[in-house]
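Below is one structure, written out as structure tokens; the observations come after it.
In what follows, chains are A, B, ... by sequence order, proteins preceding strands, each numbered from 1. The figures that follow rest on heavy atoms only: side chains count, while hydrogens, waters and symmetry mates do not.
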Amino acid sequence: MSFALSYNVVLVMIGAGLLGIAAGVTGTFMFLRKRALLSDAVSHATLPGLCGGFIVMVALGGTGRALEGLLIGSTISAALGLWVVQFLKTRTRLTEDAAIGAVLSSFFGLGVVMLTLIQTMSAGQQAGLDHLLLGSTAAMLREDAQIIAAGGALVLCIALILHRPMMLTAFDENFAQSLGLNLRLIDGAAMALILAVTVIGLKIVGLILIVALLIIPSVTARMISNRAHHITPLAGVIGGVSGMVGAGISSLAPDLPTGAIIVLVSSGFFLFALFFAPARGVLASAARARKFQRRVHRRQGLLALAQGYHVHEPYTRKLLQHDGYLRADGVLTERGEDAAKAALRDETRLAYLRRNPVYSEFLSRHDGLSDLSRSFTRDELHHIDRAMETKA
Amino acid sequence: MSGAEFVPLSLTPILIGVFAAISCALPGNFLVLRKQALMGDAISHVVLPGIVVGFLITRSLDAWAMLLGAAAAALFSVVAIDVIRRISRIETGAIMGVVFTTLFALGVLLLEQSDASSVHLDVEHALMGNLESLIWLEARGWSSLLDPKALASLPPELPRLALSLVLILGLMLIFWRPLKISTFDEGYAESLGLPVRAISLGLVMVAALAAVTAFDAVGSIIVIAMFICPAAAARLMTDRLSAQIWWSVVFACLSAILGYILAGYGPMWIGFDHAVSAAGMIATISGLILGICAVFGPKRQARTG
């Protein structure tokens, strides 16, 4: 018994991991096309189809639990939902977000109506359908776990095959089209992948939270990296680890809901990236702001000293002393004299450039703070100095 | 249907449905025009962790504790979305998705971990509400509407929703001009010296107020549907904002009344002996109305040229 249980847990973990990778890869495409929340509409729109599939199967004399039937039903209703979003967006004046919200809520509402209908049909049989809202691995059968693992692997394979055309489309529609790629086909394939992720993920994560697996890994990857070919693998890894670790953690105790734990693990990755990401993170931008502050203080201090003023502001003094420009008694060192003179010379040049509109192009290359020699060539500086002399 | 049956069993749920629908549809008009329709979606998802935390802190099912918890969660999510968007410079939609799924997952986990689920606090309730159970048992017929003793036993959701509807209506009328200007032309509003960001935040807070007071009675599904569907349908009927708002109110009422009646009596007409979810049916009807407007609405096309 305990062997069977752990075998199931391992299967679920593998399945959740594969599903997470597939979701991360597919979600990145949607995210880069700025349609992240469209997958929310897709996942909610599966509910009426799930219920419809169940009702039809029961009407045909089955138990209504067969995954194939549920899959066909949810595919139909999600495809219908997508078509409605597309219709509202292209044929009416409504924007995509309103279309997404309308489809999401009304399809889900219809699904709930059908769910209550099923609950009255005959007791016992419906057990399991309402688990699909939030996912549950506690009572998962071995066949289910195997289907999930196999399905996850399949979706991942397809996602990897489609990855290149999808990325091309996400970054540059026109370029992709010029290569002869069929945009509608690629968008359609991405939708199909999202649908597959949703349906396979129903049992583990549930249809309300599956959208998290499609969004959070890609957003996290985008936080960490600016490079196109890093984002997808990163999102895949984050999604995979979240799925696997989350499923593992939730198997430790009975009241740790699998879907919620998987989502929270991926949220953990996101929070970490939010603070520590190299360029977009909180710490990085705080450090950037501080560096900028230092540069402003240093430059303003040197300018003031060059014009014979004293600097009393403690932070500026500390900075200049630290750089070796200023002695403790507030007098410039030899290096400080040079730096101050250079700063003043740059400032006069800048003032001259700003007065003459012919130089506006020239000026746009400079940030107003750093040494002019970093923005202009020596010849250009020479030219400016000459022009200033002749003017004077 | 006699008054003796209708008033105690159907009048209060219908009224509650109508009030909830209108109070969500009113701010929904502006959310749809500002391309913030999914803000309503996000807010109604974070209501779940809010009520669970409210329950865990006060250990009571008192409605006010939960309303406060939900309001705090809504406020938190709005601020979190804004702050993270500013820090990360990633598009709002994706950030919204991250924030509301995370908070919803947290709500589910807290619910399972605590004993909250044993005291009739569960995900299904938060999603679907319990409109059908908000009946008025003391009522004996239409005359009870004038009987103070019977009125005292009205479901408390009804006066609460009426109050929040009045509040939302009042705020909308008071801030009508700045709201209208900043919705259609933010740059112009700014040049007039209007506090554009404060208006935007205020609108989202009003939406949160509507979501929080409504979810308790009718569940998140109706809240999301009513934020978007009536306003979107109304947008396809007219070019004038004031007319659009009237249309959205009509559509919201129509969805609530038709939905409730169809859910309660519809299954019996076709031979089933159980009612179906009123919340789900109301959302479905609102979607159908939008569908009809999308095909026949006089202003369905974007104006060209």
Can you tell me which portion of [X] sits under 4.5 Å from chain B's heavy atoms? Options are side chain, backbone, both or neither.
| X | answer |
| --- | --- |
| A:I261 | side chain |
| A:L37 | side chain |
| A:I262 | neither |
| A:F107 | neither |
| A:F31 | both |

If I measure from the heavy atoms of chain A, does [X] come under 4.5 Å with its side chain, its backbone, both, or neither?
| X | result |
| --- | --- |
| B:L106 | both |
| B:F227 | neither |
| B:L33 | neither |
| B:A94 | both |

Tell me the closest heavy-atom pair linking B:A105 and A:A260, and the distance in Å.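 Reported closest heavy-atom pair: O-CB, 3.4 Å.
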Compare every heavy atom of B:G280 with every heavy atom of A:V113, then report the nearest pair and how far apart it is.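 Answer, listing the atom of A:V113 first, then B:G280: CG2-C, 3.3 Å.
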Is it the case that over 12 heavy atoms from other parts of the model lie below 6.0 angstrom from the CZ atom of A:R91?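 12 or below, so no.
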Can you list the residues of residues 275-283 of chain A that sit under 4.5 Å from chain B, counting heavy atoms only?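 A:A279, A:R280, A:G281, A:V282 fall under the 4.5 Å cut-off.
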Checking A:L88 against B:L290 for the side-chain contact (heavy atoms from CB on, under 4.5 Å) test, could you report, in this order, the C-alpha distance in whole Å, the side-chain angles of both residues, the deciding distance, and whether it holds? CA-CA 10 Å; A:L88 290 178; B:L290 173 60; 4.1 Å; yes
Does any non-hydrogen side-chain atom of B:T284 lie less than 4.5 Å from one of A:S106?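 Result no, sub-4.5 Å side-chain heavy-atom pair not found.
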I'd like to verify something: which residue of A:V84, A:L94, A:T95 has the highest number of heavy-atom pairs under 4.5 Å with chain B?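 Looking at each option in turn, the highest pair count goes to A:L94.
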Test your reading of the model: is there a side-chain donor-acceptor pair from A:T116 to the backbone of B:V276, 3.5 Å cut-off?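 A pair under 3.5 Å: no.
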Without swapping roles, check the side chain of A:D97 against the backbone of B:A37 for a donor-acceptor pair under 3.5 Å.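 Indeed, once roles are kept as given, a pair shorter than 3.5 Å links the two residues.
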B:M96 and A:I215: CA distance, side-chain angles, deciding distance, side-chain contact (heavy atoms from CB on, under 4.5 Å) verdict: CA-CA 10 Å; B:M96 254 190 300; A:I215 295 182; over 6 Å; no
NZ/NE/NH1/NH2 to OD/OE distance under 4.0 Å, B:D239 and A:R93: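 Yes, this pair counts.
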